[in-house]
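Below is one structure, written out as structure tokens; the observations come after it.
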2 protein chains.
Amino acid sequence: MRNLLAITKALSDESRVRALMALQDGELCLCQIIDLMGLAPSTISKHMTLLLQAGLVERRKEGRWHFYRLARNGVPAEAKGALKWVVHSLRDEAVVQSDSEKLSRIREKDLEALCACYRS
Amino acid sequence: MRNLLAITKALSDESRVRALMALQDGELCLCQIIDLMGLAPSTISKHMTLLLQAGLVERRKEGRWHFYRLARNGVPAEAKGALKWVVHSLRDEAVVQSDSEKLSRIREKDLEALCACYRS
DNA sequence: TCGTTGCTTCGTCTACTAACGAAGTATTGC
DNA sequence: GCAATACTTCGTTAGTAGACGAAGCAACGA
């Protein structure tokens, strides 16, 4: 029950759902997600931590960068089912498609340039 | 997105998830759910309304009684998938089994007797 | 039709949550 | 080492959500 509630609570915020869907096309650095969502770094960091704790997302550290991706290895059945359901339900959602297009442009940018958000 | 968030928000509270799982063995009158959960009638009513608006549950009025059951007819794919996921994830959950046992005893009681909760 | 009953809605209070900026932490480069 | 960088955590504030009792509403019974 606790796992399920962690998942449903993680999925009950639009920003987190959008962030989750953004990871469909591959892993993203936190600064890329910040650029996509247009929220403060601390806010996005907290959102991603919640998705992480719910088991929906995995984190990989490479130097100073933190990359997030959809959970794949050793994922409990609850989280796996939830991911499947969300991705299937939102496949044709307008916001998700719009984010996907924005992301293809964000991926072209330099990571260090995106990290300017921490200093402005 | 709005539908999905209505569903995840409805599922992000333990009382509502328990109420939903309680409907697995068949429809229940509101007073039976109140007896099971031990919360105020107004609280349970609000919870069930949220589940209703999320499309997870259906309501049937029979005289003064309101019966709730899991959504079956014309259910959008999102809600259907969510129901499947939750039921599957919580099939072996202790609280759910305990509630199921309590319910078999509650079903034996008289509905009018259970409605005493509105007058105490 | 008028009171009773079963439930819903309203008003209120408390507790949690999303947002931010500031301060803290871990890693790199010099 | 030590500054800079890429986050994370902390502290605060404003909005939301869950709990309750009181009041309102719809259906039945006499």
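Chain identifiers are assigned alphabetically (A, B, ...) following the order of the sequence lines, protein sequences preceding nucleic acid strands; residue numbering begins at 1 within each chain. These numbers were taken from a predicted model, which means no experiment stands behind them.
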Is there a side-chain polar atom (N or O) of [X] under 4.0 Å from OP1 or OP2 of [N]?
{"X": "Arg119(B)", "N": "dC7(C)", "value": "no"}
{"X": "Arg16(B)", "N": "dA19(D)", "value": "no"}
{"X": "His66(A)", "N": "dT8(D)", "value": "yes"}
{"X": "Tyr118(A)", "N": "dA6(D)", "value": "no"}
{"X": "His47(A)", "N": "dA19(C)", "value": "yes"}

What distance separates [X] [atom1] from [Y] [atom2], expressed to the nearest 0.5 Å?
{"X": "Lys80(B)", "Y": "Ser89(A)", "atom1": "NZ", "atom2": "OG", "answer": "12.5 Å"}
{"X": "Ser12(A)", "Y": "Leu11(B)", "atom1": "OG", "atom2": "CG", "answer": "10.0 Å"}
{"X": "Thr49(A)", "Y": "Tyr68(A)", "atom1": "OG1", "atom2": "OH", "answer": "5.0 Å"}
{"X": "His47(B)", "Y": "Arg18(B)", "atom1": "NE2", "atom2": "CZ", "answer": "10.0 Å"}

Nearest to side-chain heavy atoms of [X], which nucleotide of [options]:
{"X": "Asp13(B)", "options": "dT8(C), dG18(D), dG21(C)", "value": "dG18(D)"}
{"X": "Lys46(A)", "options": "dA19(C), dC7(D), dT8(D)", "value": "dA19(C)"}
{"X": "Ser15(A)", "options": "dC20(D), dA19(C), dA17(D)", "value": "dA19(C)"}
{"X": "Arg64(A)", "options": "dG21(D), dT28(C), dA18(C)", "value": "dT28(C)"}
{"X": "Leu39(B)", "options": "dG6(C), dG18(D), dA19(D)", "value": "dA19(D)"}

For atom [atom1] of [X] and atom [atom2] of [N], their distance in whole Å:
{"X": "Glu112(A)", "N": "dA6(D)", "atom1": "CD", "atom2": "C1'", "answer": "10 Å"}
{"X": "Ile44(B)", "N": "dC20(D)", "atom1": "CD1", "atom2": "C1'", "answer": "12 Å"}
{"X": "Glu62(B)", "N": "dA26(D)", "atom1": "CD", "atom2": "C1'", "answer": "16 Å"}
{"X": "Met48(B)", "N": "dT9(C)", "atom1": "CE", "atom2": "P", "answer": "14 Å"}
{"X": "Ile34(B)", "N": "dT5(C)", "atom1": "CD1", "atom2": "C1'", "answer": "13 Å"}
{"X": "Glu14(B)", "N": "dA17(D)", "atom1": "CD", "atom2": "P", "answer": "19 Å"}
{"X": "Leu52(B)", "N": "dT8(C)", "atom1": "CG", "atom2": "C1'", "answer": "12 Å"}
{"X": "Arg18(B)", "N": "dG18(D)", "atom1": "CZ", "atom2": "C1'", "answer": "15 Å"}

With nearest nucleotides of DNA chain C determined for Leu30(B) and Gly38(A) from heavy-atom distances, which residue corresponds to the more 5′ nucleotide?
Leu30(B)
By nearest heavy atom, map Thr43(A) and Thr43(B) onto DNA chain C; which one lands nearer the 5' end?
Thr43(B)
How would you label the contact of Tyr68(B) with the nucleic acid (heavy atoms, under 4.0 Å): base, sugar-phosphate, or nothing?
sugar-phosphate
Check: Ser98(B) side chain, Ala94(B) main-chain N or O, donor-acceptor pair, under 3.5 Å
no
Under-3.5 Å donor-acceptor pair between Ser42(A) side chain and dG21(C) base:
yes
Pair Leu50(A)-Asp13(A), side-chain contact (heavy atoms from CB on, under 4.5 Å): steps then yes or no
CA-CA 11 Å; Leu50(A) 275 172; Asp13(A) 177 89; over 6 Å; no
Pick the closest DNA chain D nucleotide for Cys29(A) and for Lys61(B) by heavy atoms, then say which residue is nearer the 5' end.
Cys29(A)
